[in-house]
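Here the structure is laid out as structure tokens; the discussion comes afterwards.
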2 protein chains.
Amino acid sequence: MNKSIADRIEQYIKVLIARSTDRQIEIQRAELAETFSCVPSQVTYVLRTRFTEKDGYYKESRRGGRGYVRITELQQECGGLLGSNKLIQFINQLSTEKLLNERETAMIKHIIINAGNDLPLEYRIRVNEGIAVALRQFLEIN
Amino acid sequence: MNKSIADRIEQYIKVLIARSTDRQIEIQRAELAETFSCVPSQVTYVLRTRFTEKDGYYKESRRGGRGYVRITELQQECGGLLGSNKLIQFINQLSTEKLLNERETAMIKHIIINAGNDLPLEYRIRVNEGIAVALRQFLEIN
DNA sequence: TTATTAAAGGTCAAATAAGGTCAAAGAAGG
DNA sequence: CCTTCTTTGACCTTATTTGACCTTTAATAA
């Protein structure tokens with residue numbers, strides 16, 4: 001079974017991330033497409049299908065001159081502890097269930113990603129748990 | 001991660017401001033352009049896109065001989081450590097200014113009260129500061 | 001003192017350089 | 001076949017770079 005281009009691009013990106021010191025890389029979409037002799041939107045496709053938030057990745061990008069796509073692999077956390085990606089999944093779920101509207105979803109995600117950023121992991125997890133509890137209370141669920 | 005000229009000029013200016021005693025500097029547009037080997041209007045572009053009032057900067061300029069551009073970084077007033085009451089006050093202010101609606105205000109307050117609750121004070125302060133910064137970013141204010 | 005000139009900075013639009021979206025066509029697997 | 005995943009390309013939005021032309025002000029010449 002011959003790997004598809006998408007598979008190879010996925011592998012390539014994952015190797016880059018693994019090699020990085022901070023689980024974060026920046027790529028040029030066009031350059032990567034060039035490397036794999038495919039159209040740029042193929043790269044977009046790979047990012048859309050294999051580097052989702054649910055997979056534990058966070059993406060940012062900028063257009064125009066010197067544009068880029070930055071991919072961050074969120075810290076994998078163990079057991080029942082609530083890391084940022086799990087919390088974001090939870091938020092997404094609330095959004096799907098229409099318990100949060102679009103703006104609320106974006107706002108809370110922004111806070112989660114940015115607020116506890118520089119805290120030691122254990123504290124971040126506790127903050128995340130607090131946020132989850134608060135949200136549950138506020139929305140009167142569970 | 002190859003920075004654009006615009007990015008480098010931005011950095012340069014920010015370093016100058018940081019080094020200044022009064023968060024205020026004066027530059028010569030043409031000279032700066034010379035330094036970065038670009039056209040003068042490139043500097044104008046950087047000032048227009050990255051040193052706006054929303055970003056917390058104030059600009060004055062004068063044309064003609066001995067012309068200049070003066071850039072002042074407005075002092076962020078909530079300089080001290082951010083306890084929960086201060087943060088709540090801040091949220092209330094956002095609410096008064098209609099930047100947050102009633103539900104959003106209540107939700108965020110709920111989160112603030114619960115999120116860092118059982119953390120040591122120093123961490124709770126850091127969380128609060130993170131939340132304030134994230135909110136400012138999200139609402140695009142200073 | 002007044003008129004002229006040179007030395008700034010400002011504006012705006014075109015050219016260029018990215019990344020994003022979407023839908024259609026093609027391929028793989030059941 | 002039918003569905004799902006992949007590949008491709010046309011078109012869109014955003015960011016940067018550049019240059020021609022405009023306006024303001026200080027210095028200087030008359």
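We name chains A, B, ... by the order of the sequence lines, and we start the count at 1 in each one. Since the model is a prediction, treat every value here as computed from it, not as a measurement.
- Proximity note for A:Arg29 (side chain, C-beta onward) versus C:dG20, C:dT11, D:dT6: the nearest is C:dG20.
- A:Phe51 has its ring centre no less than 6.0 Å from the ring centre of A:Tyr58.
- Put simply, CD1 on B:Ile5 is 13 Å from P on C:dA18, counting in whole angstrom units.
- With C:dG19, C:dG20, D:dT16 as the choices, the nucleotide that has an atom nearest any side-chain atom of B:Ser4 turns out to be D:dT16.
- Atom CD of B:Gln28 and atom C1' of D:dT25 are 13 Å apart (whole Å).
- Regarding A:Arg66, its CZ atom lies at a distance of 7 Å from the P atom of C:dA18, rounded to whole Å.
- Separating the CD atom of A:Glu60 from the C1' atom of C:dG20 is a distance of 16 Å, rounded to the nearest angstrom.
- For B:Ser41 and D:dG19, a side-chain-to-base donor-acceptor distance below 3.5 Å is present, hydrogens and geometry of angles not being considered.
- Regarding contacts with the backbone of C:dA7, every side-chain N or O of B:Arg62 stays at 4.0 angstrom or more from both OP1 and OP2.
- Distance, B:Glu31 CD to C:dA7 C1': 14 Å, rounded to whole Å.
- Ring pair A:Tyr123/B:Tyr123 is parallel by interplanar angle, where below 30° counts as parallel and above 60° as perpendicular.
- Between the OH atom of A:Tyr45 and the P atom of D:dG9 there is a distance of 17 Å, given to the nearest Å.
- If you check every strand for non-hydrogen atoms under 4.0 Å, B:Gly67 touches sugar and phosphate atoms only.
- Heavy atoms of B:Arg70 sit nowhere under 4.0 angstrom from any nucleic acid atom.
- Ion pairing of A:Lys14 with A:Asp55 is absent here, as no side-chain N (NZ or NE/NH1/NH2) approaches a carboxylate O to less than 4.0 Å.
- In this structure, B:Ser61 reaches the C:dG10 phosphate: one of its side-chain N or O atoms is under 4.0 Å from OP1 or OP2.
- B:Arg48 comes within 4.0 angstrom of no nucleic acid atom, judged by non-hydrogen atoms across all strands.
- Distances shorter than 4.0 Å separate some side-chain N or O of A:Gln42 from OP1 or OP2 on D:dT7.
- For the pair B:Arg63 and D:dC22, the criterion of a side-chain N or O lying under 4.0 Å from OP1 or OP2 is not met.
- The CD atom of B:Glu10 sits 13 Å away from the P atom of D:dA15 (whole-angstrom rounding).
- Residue contacts for B:Gly64: at a heavy-atom cut-off of 4.0 Å it reaches a base atom on one of the strands shown.
- Between B:Thr72 and the choices B:Lys59, B:Gln24, B:Glu26, the side chain to side chain contact (heavy atoms under 4.5 Å, CB included) rule is met once, by B:Gln24.
- The CD1 atom of A:Ile141 lies 7.0 Å from the CD atom of A:Glu97; values are rounded to the nearest 0.5 Å.
- Taking atom NZ on B:Lys3 and atom P on D:dA15, their separation rounds to 16 Å, with Å as the unit.
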